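These notes are about the structure you will find just below.
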Number of protein chains: 2
Amino acid sequence: MESSPRGRRPATSREDVARAALALFSRQGFEATTVDEIASEVGISRRTFFRYYQSKSDAVWGAFDAELARLDRLLSEAPDEEGLMQVLRRAVVETNRFNEEQLVDLRLRMSLIRSVPTLVAHSAVRYEEWCDVVARFAARRLGGRPTDLAPQTLARAALGAAMAAFEEWTRRDDGDLTEVVDQALALLATGFDEDRLKGQPLGGDGARIGDKYLQGGEPP
Amino acid sequence: MESSPRGRRPATSREDVARAALALFSRQGFEATTVDEIASEVGISRRTFFRYYQSKSDAVWGAFDAELARLDRLLSEAPDEEGLMQVLRRAVVETNRFNEEQLVDLRLRMSLIRSVPTLVAHSAVRYEEWCDVVARFAARRLGGRPTDLAPQTLARAALGAAMAAFEEWTRRDDGDLTEVVDQALALLATGFDEDRLKGQPLGGDGARIGDKYLQGGEPP
DNA sequence: GACATTTTGGCATTGAGTGCTATAAATTGA
DNA sequence: TCAATTTATAGCACTCAATGCCAAAATGTC
């Protein structure tokens, strides 16, 4: 099947390195873990670690690239009849459907990403790639270039919604990730109109937005 | 007037350090500028630089803390009758009203922040503080805690809109910052509904949203 | 076995950031 | 004027991430 690989075989894989790194991070903390430790855990040299991941932070992001590609595909393949926000909502929810094992890992990753300052910082770089994908989609739908105000605003706002959903999901130990993501994006589509938020029913499952999104809100 | 300061006088000020740093960054680039250079430019030691700013990146953020406090005040003092998004929109626009001299600096700062990866990363940390302020406001208005999904989604989405506005303003050399910020937040309040985006008039100045926000969008 | 290819390891270097300690400069009070 | 106190600074040592460079190891090919 595979064309014969020519030179020396890799001593390990990106996956194994990420696994070892994540284990160490969760055991002794991100900052307290040095690259040397990760490297020696996997049996490679420090120098080689940096050939697998550009930075210590990058090791936390696992297969994010693949997820991005999937989001891009989902957004591109959506039928034109389906509305802008509806496609976006469905695509983002879909890319966040994981099995139990993946979810355990993801929860660990996300809790690191949102609590360790170094990783909070680094996340901005990775999330920018996510925004680019969404902005390109928005530009196709709205017209204009991906760098224009409308696509950029939509992309960054959608990112914000997704981040809020992740944070909510990470903080609470129960709850379905896809459901929270769906709620956040639905919320975004309301334009945060107070009337719609507090009372009116929303299409789709017919639930009142207020029932699901406003924990402390009393009816007017 | 001032109570007499007790010990040795500071050799410089945060403002002067920031000014020198910014000048060097703009001349030779952020990465190519070392903390030693900045320090010696201001006539202090490297060690002392880190007593003025926690990191090299922080020097780019000038008086961001003051801006945050102002936003907080504007959001707190708004009348209850004024709608959620209207208050937010007005407050964010207001905190971004600067004079010509400040705008020159700001343009430089923002162009660094959005183009230098290290600063893109660091921005996430500072922007989180901004989100906290908005989330607290949203929680007061919507009920519940600032960490709940709705306030968090609104805060992060609003941040996204503001960032998109800054990016647009920084990229184009003309254009009024407050106007672009206002447009982005108005856009957010539409919920990105395609019908509203492409045709319907919006309250306030009565302009069609499509006229202002969609450069390439043709009427349906 | 010679050769090309790919990965790895080690070394040196740069530069950010931190902890510690001594010193300089300023006010206050006797 | 001198001592005590207070605050800011300078300098040193150290850790650690990240990068460039080059030699060595491992593998397939001819």
Side-chain angles (χ1 to χ4, degrees), chain A residues 1-18 20-22 24-25 28-61 112-113 116-126, chain B residues 1-18 20-22 24-25 28-61 112-113 116-126:
Chain A
M1 289 283 110
E2 322 262 315
S3 68
S4 49
R6 285 277 304 206
R8 177 175 176 168
R9 296 200 187 87
T12 178
S13 65
R14 278 179 66 90
E15 291 70 34
D16 281 347
V17 174
L22 214 59
L24 284 171
F25 294 160
Q28 51 191 17
F30 179 83
E31 299 293 359
T33 304
T34 66
V35 173
D36 282 298
E37 288 180 271
I38 307 171
S40 84
E41 183 76 21
V42 201
I44 58 178
S45 75
R46 167 192 177 71
R47 189 61 185 86
T48 300
F49 170 89
F50 284 108
R51 293 206 183 85
Y52 281 88
Y53 289 99
Q54 286 193 343
S55 68
K56 197 171 92 168
S57 303
D58 261 315
V60 179
W61 285 80
L112 283 170
I113 287 174
V116 179
T118 305
L119 293 174
V120 171
H122 183 71
S123 71
V125 178
R126 303 310 307 261
Chain B
M1 285 285 109
E2 321 261 319
S3 67
S4 49
R6 284 278 304 203
R8 175 176 178 170
R9 297 200 186 88
T12 179
S13 65
R14 279 179 65 88
E15 292 69 34
D16 280 348
V17 174
L22 214 59
L24 285 171
F25 294 160
Q28 51 192 13
F30 179 84
E31 299 294 358
T33 304
T34 67
V35 173
D36 282 297
E37 288 181 270
I38 305 172
S40 85
E41 183 76 20
V42 202
I44 58 178
S45 75
R46 164 194 177 69
R47 189 64 187 83
T48 300
F49 170 89
F50 284 109
R51 292 207 184 82
Y52 282 87
Y53 290 99
Q54 286 192 344
S55 68
K56 196 171 93 170
S57 303
D58 262 314
V60 180
W61 286 80
L112 284 169
I113 287 173
V116 179
T118 304
L119 293 175
V120 170
H122 182 71
S123 70
V125 179
R126 304 310 307 261

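Computed from heavy atoms alone, side chains included, the values below leave out hydrogens, waters and symmetry copies. Just so it is clear: chains get the letters A, B, ... in the order the sequence lines come, proteins before strands, and each one is counted from 1. Please read these numbers as outputs of a predicted model, since none were measured by experiment.
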message: Taking the side chain as everything from C-beta on, heavy atoms only, tell me whether A:V60 gets closer than 4.5 Å to A:F30.
response: yes
- prompt: Do side-chain atoms of B:Y52 reach the backbone of B:A59 as a donor and acceptor pair under 3.5 angstrom?
  reply: no
- prompt: What residues, two or more places apart in sequence or in another chain, satisfy side-chain hydrogen bond (donor to acceptor under 3.5 Å, both in side chains) together with A:D16?
  reply: A:R19
field: Rounded distance (Å) that lies between atom P of C:dA16 and atom CG of B:D58
entry: 14 Å
A:F50 CZ - C:dC11 P separation (whole Å): 17 Å
field: Partner residues of B:T12 under the side-chain hydrogen bond (donor to acceptor under 3.5 Å, both in side chains) criterion, sequence neighbours left out
entry: none
Beyond-backbone contact of B:F25 with B:V116, side-chain heavy atoms, under 4.5 angstrom: no
- prompt: Once you build an axis from the first five pairs and another from the last five of the helix from C:dG1-D:dC30 to C:dA30-D:dT1, how far apart in angle are they, to 10 degrees?
  reply: 10°
query: In whole angstroms, how far is the C1' atom of D:dA18 from the NZ atom of A:K56?
result: 12 Å
field: For B:E37, side chain to side chain contact (heavy atoms under 4.5 Å, CB included) partners two or more places apart
entry: B:L24, B:Q28, B:T33, B:T34
field: Distance, rounded to the nearest Å, where B:Q54 contributes CD and C:dG17 contributes P
entry: 10 Å
query: Is A:R51 close to A:I44 at the side-chain level, that is, under 4.5 Å between some pair of heavy atoms?
result: no
field: Donor-acceptor contact present, side-chain B:S40 to main-chain B:G43, <3.5 Å
entry: no
message: Near DNA chain C, counting only heavy atoms under 4.0 Å, which residues of residues 28-44 of chain A show up?
response: A:G43, A:I44
field: base_contact_polar (C:dG17 base, B:R47 side chain, donor-acceptor, <3.5 Å)
entry: no
message: I'd like to know if the side chain of A:K56 reaches the main chain of A:I38, judged simply by a donor and an acceptor atom lying under 3.5 Å from each other, with no hydrogens or angles considered.
response: no
- request: Could you work out which one of C:dG17, C:dC11, D:dA18 sits closest to the side chain of B:S55?
  value: C:dG17
No-H, no-angle donor-acceptor pair, A:R46 side chain to D:dA17 base, under 3.5 Å: yes
- prompt: Side chains of A:L22 and A:L112: does their closest heavy-atom pair fall under 4.5 Å?
  reply: yes
With 3.5 Å as the limit, what N/O pairs link the protein to nucleotides 4-8 of chain D?
| unit_1 | atom_1 | unit_2 | atom_2 | d |
| --- | --- | --- | --- | --- |
| D:dT7 | O2 | B:R8 | N | 3.2 |

- prompt: Hey, are the side chains of B:I113 and B:R126 touching, using non-hydrogen atoms and a 4.5 Å cut-off?
  reply: no
